There are 2 protein chains.
Amino acid sequence: MTSISSSVPLAKADPREPFWTRIASDLADAIVRGAYRPGDRLPSENVLAEQFGVHRHTIRKSLASLCSKGLVRSTQGSGTYVEDFAVDLVLAKRTRHQHNLSHAGLKGGLRVLRARTTRATKAQASALQLAPRSKLLLLDVLGEAEGVPLHVSERAFPLPRFAGLDAVVAETGSITAAFLAADVADYTRRESRITAHLPDPEVAAHLRQPPSRPVLRVDSVNVDTAGVPIEFAVTWFAGDRVHLVVAHHD
Amino acid sequence: MTSISSSVPLAKADPREPFWTRIASDLADAIVRGAYRPGDRLPSENVLAEQFGVHRHTIRKSLASLCSKGLVRSTQGSGTYVEDFAVDLVLAKRTRHQHNLSHAGLKGGLRVLRARTTRATKAQASALQLAPRSKLLLLDVLGEAEGVPLHVSERAFPLPRFAGLDAVVAETGSITAAFLAADVADYTRRESRITAHLPDPEVAAHLRQPPSRPVLRVDSVNVDTAGVPIEFAVTWFAGDRVHLVVAHHD
DNA sequence: CGATATTTGTCCGTATGTATA
DNA sequence: GTATACATACGGACAAATATC
């Protein structure tokens with residue numbers, strides 16, 4: 001019989017970390033990876049307790065934490081079920097990661113995976129209306145909600161103007177805040193171009209999903225109030241954790 | 001040496017069908033299936049001539065036809081290359097298949113694959129604001145451009161109101177025309193919900209793509225000028241042949 | 001840089017089947 | 001039936017652009 005605890009041994013964990021948090025994140029990982037899919041019933045608390053080698057009350061504490069995050073729902077006499085936790089992300093003129101999540105009652109933020117400077121490719125230069133091979137600041141960013149990765153993106157910013165932006169994003173976890181620090185009080189999205197792909201291994205690893213599960217790729221351009229392009233982003237969304245919603249108003 | 005003509009014998013073809021049309025559709029199929037991907041160079045005319053067992057001039061006629069359809073582009077001295085033929089489909093309040101294609105300079109239309117009446121599922125009833133298990137007209141529709149399948153959709157229409165709609169769609173190849181015949185002079189799209197999936201075998205077959213290549217699924221609701229829902233559609237778009245574009249205006 | 005091979009573009013021709021007047 | 005026009009298919013030659021070394 002396969003036990004989750006045997007494939008990811010608890011022994012390796014930080015001894016100061018309580019068992020229940022480790023078990024909770026193990027279960028969350030199993031759900032995110034698709035071992036348990038929305039609608040599935042988790043093994044009973046007693047079975048989980050045996051698998052992880054802990055008391056049932058410890059499992060209950062883990063499940064309660066997952067429940068409060070909206071990942072599972074327990075029903076007395078029936079079992080604990082994986083919730084359909086796909087997040088609606090609204091694509092609109094004023095798209096803000098934070099606002100999108102808080103609207104769904106979730107907590108999350110952005111994490112900078114890598115920052116570097118390069119010269120613009122043809123596609124980047126044309127999207128940002130720059131001369132070919134202009135200098136750019138490139139940020140690889142991971143977007144999360146409740147510890148679950150929702151998207152990874154490569155974001156390009158014109159460089160004399162937005163030098164040092166990476167530090168602010170890394171500190172605040174917000175692009176909007178970083179733009180504000182660079183004297184961009186407001187910005188809007190001009191266009192989004194959506195395609196479906198299989199993720200390359202790096203993207204799949206960041207999204208913690210198998211490369212055989214598809215992702216949504218969104219290419220977008222943000223412009224400041226003067227209409228000058230300030231950001232060209234390619235974002236990969238975990239296909240089954242995210243619903244992109246387009247609200248068609250006038 | 002492997003020859004395409006041996007794996008797909010020309011002998012089996014309709015004797016009245018010219019070789020060059022058969023070869024053209026074979027090549028188009030290989031491109032659509034992904035055997036040759038955008039940017040790839042096709043084998044040289046001489047190689048193709050040998051493979052298909054025909055004269056080079058016959059191959060040239062086939063390629064000329066593909067070229068006129070925009071599937072390939074030939075460059076003297078270099079070769080014949082598969083064009084990046086992904087179509088931009090704009091998601092907007094007034095989304096019309098025909099207009100989208102003609103804007104891209106393409107010819108295409110809708111083909112009714114199946115028509116039937118059922119009772120509404122929970123999702124359909126809620127989207128169309130109907131009582132559960134109301135009667136619906138269900139249409140399976142294939143959308144094409146230049147003979148290349150772009151999307152398949154299952155479209156649900158409330159039934160006392162839109163009886164006979166299928167006949168008009170089948171005849172005109174246009175949903176808009178069918179709505180017009182049912183006294184709906186204008187309609188708009190309320191919302192689009194976009195996800196990435198792997199297609200089930202039936203959808204993949206209709207789109208003529210392997211089930212391992214992802215598709216975009218778009219759930220949408222159309223309403224008449226009074227705001228009454230008149231259509232709930234689930235559309236699967238061939239992921240690499242379609243770019244969904246969202247233009248963000250005010 | 002030049003020499004050479006490859007690949008498409010264009011022209012000459014021949015032969016055959018089919019539709020039309 | 002005959003003549004004409006057209007589409008199809010094969011054969012060959014060379015020019016022009018490109019790739020490769």
Side-chain angles (χ1 to χ4, degrees), chain A residues 118-127 130-134 136 195 197 200 219 234, chain B residues 1-88 101-111 142 144-150 171-173 208-210 213 238 240-243:
Chain A
T118 56
R119 300 201 169 262
T121 65
K122 260 196 327 193
Q124 289 165 335
S126 121
L130 295 174
R133 300 187 47 73
S134 303
L136 291 180
T195 47
H197 295 269
D200 56 58
D219 295 14
V234 178
Chain B
M1 186 185 285
T2 320
S3 103
I4 294 179
S5 61
S6 69
S7 62
V8 184
L10 292 176
K12 266 195 165 186
D14 182 348
R16 290 168 311 177
E17 186 188 14
F19 287 174
W20 71 266
T21 57
R22 176 58 195 259
I23 292 170
S25 67
D26 275 10
L27 288 173
D29 217 58
I31 291 172
V32 165
R33 297 191 115 92
Y36 302 115
R37 322 207 87 224
D40 284 0
R41 202 187 70 182
L42 294 185
S44 76
E45 294 174 352
N46 281 320
V47 170
L48 286 175
E50 206 175 329
Q51 281 183 356
F52 282 96
V54 297
H55 195 268
R56 175 174 162 238
H57 286 164
T58 309
I59 295 294
R60 282 186 63 77
K61 191 144 180 62
S62 305
L63 292 179
S65 126
L66 295 182
C67 192
S68 73
K69 285 187 184 175
L71 276 177
V72 302
R73 188 190 60 258
S74 298
T75 309
Q76 188 177 150
S78 175
T80 302
Y81 298 85
V82 178
E83 282 275 37
D84 193 345
F85 58 105
V87 179
D88 283 2
L101 288 184
S102 67
H103 190 266
L106 299 172
K107 273 178 292 186
L110 301 177
R111 246 176 47 209
L142 179 69
E144 295 173 305
E146 302 290 351
V148 176
L150 293 184
E171 195 185 336
T172 64
R208 283 197 265 154
Q209 68 165 57
R213 248 193 296 165
D240 51 355
R241 268 168 253 159
V242 173
H243 296 181

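Note that the structure is a prediction, hence the values are computed from the model and not measured. Protein chains get the first letters and strands the later ones, always in sequence-line order, with residue 1 at the start of each.
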Tell me: CZ of F19(B) to P of dA9(D), nearest whole Å?
-> 6 Å
Step through the shown structure and confirm whether more than 12 heavy atoms of other residues, nucleotides or ligands are within 6.0 Å of CZ on R208(B).
-> yes
Taking S62(B) for its side chain and T58(B) for its backbone only, find out whether a donor-acceptor pair lies under 3.5 Å.
-> yes
Please report the C-alpha distance between R73(B) and E83(B) in whole Å, then the side-chain angles of each, then the deciding distance to 0.1 Å, and finally whether the salt bridge (charged side-chain N to carboxylate O under 4.0 Å, His left out) criterion is met.
-> CA-CA 6 Å; R73(B) 188 190 60 258; E83(B) 282 275 37; 2.8 Å; yes
Whole-Å distance separating the CD atom of E17(B) from the P atom of dT18(C) | 16 Å
Show your working on side-chain contact (heavy atoms from CB on, under 4.5 Å) between V72(B) and I31(B) and close with a plain yes or no.
-> CA-CA 9 Å; V72(B) 302; I31(B) 291 172; 3.8 Å; yes
Which ones in residues 60-76 of chain B lie close to DNA chain D, meaning a heavy atom under 4.0 Å from one of its atoms?
-> K61(B), Q76(B)
Got more than 12 heavy atoms from elsewhere within 6.0 Å of CZ, R119(A)?
-> yes
How long is the line joining CH2 of W20(B) and P of dG17(C), in whole Å?
-> 21 Å
Counting only distance, no hydrogens or angles, is the base of dG12(D) paired donor-acceptor with the side chain of R56(B) under 3.5 Å?
-> no
For H55(B) and dT16(C), what is the distance between atoms NE2 and C1' respectively, to the nearest whole Å?
-> 16 Å
Could you state the CG-P distance from N46(B) to dT8(C), rounded to the nearest angstrom?
-> 8 Å
Distances for protein N/O vs nucleotides 19-21 of chain D N/O pairs under 3.5 angstrom?
none

With sequence neighbours excluded, residues passing side-chain contact (heavy atoms from CB on, under 4.5 Å) with V234(A) | R217(A), D219(A), F232(A), W236(A)
Quiz item: H57(B) side-chain donor-acceptor pair to dG12(D) base, under 3.5 Å | yes
Would you kindly give the CZ-to-P distance between F52(B) and dA9(D), to the nearest whole Å?
-> 13 Å
